[in-house]
Amino acid sequence: MKTRIITAIVGIIFAVLIMIFGEMYPFIFAIATALVNVIICMEFLTAKKLQKTPPVAILTLLFSMAMPLLACTAFWYLPIYIFALVTFLFMIFLRDKLSISDLTFAYTGVVVISLSFASISRLVCCSGGYNSFYLVITLVSPWLADSTAYFVGSFMGKRKLCPAISPNKTVEGALGGIVGSVLAAVLAGVVFQFIIYRNVQFNYPALLVIGVFCSVVSILGDLVFSVIKRDCGIKDYGSIMPGHGGLLDRFDSVIFCAPFVYFISEFWGLIA
C-alpha cells in the first residue's frame, strides 16, 4: 500500500510539471503522450514476448510514436494504413517466423491503445486553449474510479464482481468507483473554473456524463487487459511503476474512456 501511494504521488508530480510547461508549449503534451504510448504498447507486446521480435517491435515503436504526434494533422490516419499494410506484409513474407495469431494480437492491441492516446493528444493539443483541463478530465475520472473502487472494495467489499477474471473486484467497489468518478469530474470543473482559469464556464452536465460513463468503461478496460494477462500467464505488464506494475496496468482504465471524452468534447462541448 505504501509503495503504491508513493508511486502515485511521483506520478502526480510528473503530470503537474507536464501541465505547467504544456500550457506554454502544447507540443510538450504531444511528445509526452507519444512517449507514454510507446512504453504502453511495448508493454502490451511483452504479454506474448513479442517485444523480442525485431520486426514487430520496430513497427510498433514507429507506429505508437507517430499516432499521437500526427493526431492534430491531416495525416492522422496515415500511420494506421502503413501499420496495417506492413503487418499484412509480415503475414506473407515472415509466415515461417511469425504466427498469424501473434501478429493479430499485436496489431489489434497496439491500434486500440494508440487510437486512445491519439485522441488524448488531439483533445489536449488541438483544443485551442485550456490544455491542462482537457488532460485532467481525460485522466481523472477513470483513475479516481479505479482508486475509489480499490479503497472501497478493500474496506467494504463483500460481493465479487467478476471473480473468474479479477477476484479482488467487488460490487461495492464498483459502486464506489462510480461515485468517485462523478465527483472527480465535477470537482475538476470547479477547480479549473474558480481557481485556475477563473474566466470560463464548464459544461457540468457533460462532465456528469463523462464521470458516469468513464466509471463503467474503466472497469471494462481493467477487465479486458486482466483477461489478456491471465491468458498469457503474466501478473503485470511491466514494473516501471512499483506497486502498480507497468504503465499499461495504470492506464488500462483510461484506454476506453479517452475516445469518449474526445467525442463529448467535439459534439457537446466541455466549455459552456
Side-chain angles (χ1 to χ4, degrees), residues 7 11 14 30-71 76-121 138-139 142-143 146 165-166 217-218 220-259:
T7 301
F14 177 75
I31 294 173
T33 304
L35 290 175
V36 170
N37 189 45
V38 168
I39 295 172
I40 289 178
C41 287
M42 296 304 289
E43 286 181 346
F44 179 78
L45 295 184
T46 64
K48 284 183 172 287
K49 297 182 173 58
L50 292 173
Q51 84 283 4
K52 297 180 180 179
T53 305
V56 177
I58 293 172
L59 180 61
T60 297
L61 175 66
L62 295 175
F63 172 74
S64 57
M65 178 65 74
M67 282 294 288
L69 293 179
L70 296 179
W76 64 267
Y77 62 90
L78 192 58
I80 300 177
Y81 170 74
I82 295 174
F83 190 47
L85 180 63
V86 176
T87 298
F88 284 118
L89 289 175
F90 285 171
M91 290 181 182
I92 296 172
F93 296 105
L94 299 178
R95 61 186 182 276
D96 294 332
K97 299 179 180 180
L98 296 171
S99 68
I100 298 296
S101 62
D102 282 347
L103 287 171
T104 303
F105 173 86
Y107 177 82
T108 304
V110 170
V111 167
V112 168
I113 294 169
S114 296
L115 282 173
S116 177
F117 279 89
S119 67
I120 294 175
S121 181
T138 303
L139 301 179
W143 277 354
D146 188 33
I165 298 174
S166 185
V217 297
S218 66
L220 173 64
D222 195 358
L223 291 175
V224 165
F225 287 98
S226 292
V227 168
I228 295 173
K229 286 193 292 186
R230 183 177 291 273
D231 285 354
C232 294
I234 61 174
K235 184 179 182 295
D236 295 313
Y237 285 101
S239 57
I240 195 172
M241 300 179 69
H244 295 266
L247 279 180
L248 180 52
D249 296 291
R250 180 71 276 183
F251 277 88
D252 55 7
S253 58
V254 176
I255 289 171
F256 293 113
C257 292

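- Of all non-hydrogen atoms in Ile240 and Leu247, the two that sit nearest each other are CG2-N, 3.6 Å.
- Under the rule for a ring pair (Phe, Tyr, Trp, His ring centres under 6.0 Å), Phe90 has no partner lying at least two apart in sequence or in another chain.
- Remark: Phe63 pairs with Phe83 by the ring pair (Phe, Tyr, Trp, His ring centres under 6.0 Å) rule, at least two apart or across chains.
- Here side chain to side chain donor-acceptor pair (under 3.5 Å) pairs that include residues 33-54, with residues two or more places apart or in two chains, are Asn37-Ser114.
- Pairs of residues two or more places apart, or lying in two chains, that qualify as side chain to side chain donor-acceptor pair (under 3.5 Å) and include a residue from residues 82-101 are Ser99-Ser101, Ser99-Asp102.
- Between Phe225 and Phe44, the two ring planes are perpendicular [angle over 60°; tilted spans 30° to 60°].
- Pro142 approaches Ser253 most closely through the heavy-atom pair CB-O, 3.4 Å.
- With sequence neighbours excluded, the residues satisfying salt bridge (charged side-chain N to carboxylate O under 4.0 Å, His left out) with Asp222 are Lys169.
- Every residue two or more places apart in sequence or in another chain that forms a side chain to side chain contact (heavy atoms under 4.5 Å, CB included) with Val217 is listed here: Phe213, Phe256, Cys257.
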Subject >> Chi angles and distances behind the side-chain contact (heavy atoms from CB on, under 4.5 Å) call for Ile255, Leu248 >> reply: CA-CA 9 Å; Ile255 289 171; Leu248 180 52; 3.7 Å; yes

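- Contact record, Met91 with Ile100: CG-CD1, 3.7 Å, taken as the closest heavy-atom pair.
- Nearest heavy-atom pair across Pro68 and Ala34 is CG-CA, 3.7 Å.
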